[in-house]
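Okay, so here's the structure we're looking at.
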Amino acid sequence: MRHSQEKKSVSIIGAGLAGSEASWQLAQRGVKVHLWEMRPVKNTEAHVSDQCAELVCSNSFGSLNPSGASAILKNEILELGAFVLRHAFAHRVAAGQSLAVDRQEFSTAITRELEAHPNIEIHREEVTAIPDGIVIVASGPLTTPLLAKALQPFLGNDSLYFYDAISPIVSFESLDLSKMFFGSRYGKGDPDFLNVPLNKEQYETLVADLLSGEVVLPHDFEEEKYFESCMPIEALAARGPKTLAFGPLKPVGLHDPVTDKRAHAVLQLRRENRHGTSYNLVGFQTKLKYGEQQRIFRKLPGFENAEFLRLGSLHRNTFIDSPRVLSTSLQLKSEARIFMAGQLTGTEGYLESSATGLWASLNALRLLDGEPALVLPDTTLLGGLLAEITDAEKKNFQPINSNMGVLRPLEVPIRDKQLRNQALAERSIKNVKAFVVEHTDLFEFNSEEKGREESYRSLAEWTAKSQPTHLSSSATN
């Protein structure tokens, strides 16, 4: 391959999960990598070490349930030769059906491997200007003000956000539509919203539950200061018993065709993806604990058996307006030499961060060789996730993690959820394997490199091979 011979170089900003993944992938293919990490010269409010791929919150990489979204994505990136995920299995600790790691051993091992790689040079300093040449920006949700300012000319003034207001997303088919109706306020435009009418008793129960529910306490570095447009739903409810009925749950302009009158309050759900498989609870960004959200929201009419594809949250974050500025190759539309990866793209989760780092590295390789960008179909979890965060038709972009709703529905619908998910998982890995065969040259590097073959084991093989230890203190801190 041409880039292997010419020792071309790529700059990567940030040695988190995405940056670490991208660095290894490029270096293994003979590319000189300049990896920029400001710690320990300058620390963040969340990190406690100078290690690469440090896990600052949970130590979990999600479920191992073979037909769940998290496991499907794991299988896909293992097929693509994942680096970070290989280390997650190597430092696995007991966590039931989830893949959890000893965070200290995990980050230490990754740091050592990157530091020892002959094609990686780690620069310990803050980046305040975008380097020349091909760049992958993977600076994470705590991107510094100076780097954010340097990115602004490439993103535009309104495309960098500094907070994260997320509402829950539910599976459309899990809802009881007999208790809801489609419509728009005053009948204007197409009936795009799914409306959940609440009577006075149902509304008062919801308000009481919101006020009494347990919330997630903020991190030390997160100030309890909200923009009015992204107030947690429970904070709004605390302003008074009628606040929600005059705010996000106002029933004005909505006619319930079943009762032939206006409800006391109405919760609106907005279509979340182009497939219509998932819907967002409008205005329901929340800091309630996950279990509380499911308990409270399943009391809503038609939500009795609701499947939550994503639960709500609200915390400090930095992310870009990906639908406006990013292509599915993870290149900026305004500057193709600049790639974005990790949580900065609007993806949530450790697994998703490493996956976008891997994908950015593969397309950086294509750019080095003057080849067109790679595209994964939305029949794969990674392809669907990339399509979701870069969907230009999105009007209200919010960060998202891997979920079954990003996958294109089956051509022949399957009603049974377990069988349907199994079919989606089988289709996904089949398409990823076909992608690897189509681009064999990308995946035949360093065939004698120790550990390379292990990267290509399936999820089932890795799960069986790895022997989790009991949780250590470092895994629970």
Side-chain angles (χ1 to χ4, degrees), residues 1 21-22 24-26 28-29 61-90 99 275 328-330 341 347 351-366 369 371-388 402-412 414 418-449 451-466:
M1 300 178 70
E21 181 75 49
W24 187 86
Q25 295 290 342
L26 287 163
Q28 285 293 96
R29 292 166 168 89
F61 277 76
S63 173
L64 293 170
N65 174 15
S67 57
S70 181
I72 292 175
L73 183 56
K74 288 183 181 72
N75 236 339
E76 290 181 0
I77 64 174
L78 285 170
E79 185 67 29
L80 297 174
F83 165 68
V84 166
L85 189 55
R86 167 163 59 86
H87 275 286
F89 275 107
L99 174 59
H275 303 311
T328 55
S329 63
L330 297 180
T347 54
L351 186 65
E352 292 81 352
S353 289
S354 64
T356 55
L358 192 161
W359 190 247
S361 71
L362 294 180
N363 273 316
L365 284 163
R366 298 284 283 187
D369 282 345
E371 299 288 344
L374 300 167
V375 177
L376 268 178
D378 59 5
T379 51
T380 67
L381 207 299
L382 180 54
L385 184 64
L386 294 169
E388 198 68 28
S402 54
N403 65 75
M404 301 301 287
V406 306
L407 287 164
R408 186 195 306 168
L410 297 167
E411 292 184 6
V412 179
I414 298 177
Q418 185 174 349
L419 294 177
R420 179 176 65 252
N421 286 356
Q422 182 179 340
L424 288 168
E426 291 172 353
R427 183 185 67 176
S428 159
I429 198 62
K430 177 182 178 181
N431 286 341
V432 172
K433 286 179 180 291
F435 172 85
V436 171
V437 171
E438 181 182 357
H439 301 283
T440 305
D441 60 320
L442 277 176
F443 302 98
E444 288 187 336
F445 62 96
N446 291 352
S447 59
E448 296 181 0
E449 179 72 24
R452 182 267 183 189
E453 293 84 357
E454 287 195 334
S455 296
Y456 292 81
R457 293 177 184 269
S458 70
L459 177 61
E461 290 173 318
W462 263 112
T463 302
K465 177 179 181 292
S466 60

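What you see is a predicted model, and the numbers here were worked out from it, not measured in a lab.
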Donor-acceptor pair, distance only, cut-off 3.5 Å: does the side chain of [X] make one with the backbone of [Y]?
X: N363; Y: A373; result: no
X: E352; Y: S402; result: yes
X: E76; Y: L382; result: yes
X: K74; Y: L99; result: no
X: R29; Y: Q25; result: yes

[X] side, atom [atom1]; [Y] side, atom [atom2] - distance, nearest 0.5 Å:
X: L85; Y: N75; atom1: CG; atom2: CG; answer: 9.5 Å
X: N431; Y: E426; atom1: CG; atom2: CD; answer: 12.0 Å
X: F443; Y: E438; atom1: CZ; atom2: CD; answer: 10.5 Å

Taking all heavy atoms of A82 and all of L358, pick out the closest pair and write down the distance.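 In this case the closest contact between A82 and L358 is CA-CD1, 4.0 Å.
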With sequence neighbours excluded, what pairs up with [X] under the salt bridge (charged side-chain N to carboxylate O under 4.0 Å, His left out) test?
X: K433; answer: E79
X: R427; answer: none
X: R408; answer: D378

Side chains of L374 and F435: does their closest heavy-atom pair fall under 4.5 Å?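 They are in side-chain contact.
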Can you confirm whether the side chains of Q418 and Q422 place a donor and an acceptor under 3.5 Å from each other?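 No, no side-chain donor-acceptor pair sits under 3.5 Å.
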Mind checking whether H87 and F83 have parallel, tilted or perpendicular rings, split at 30° and 60°?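 Geometry flag for F83 against H87: perpendicular rings.
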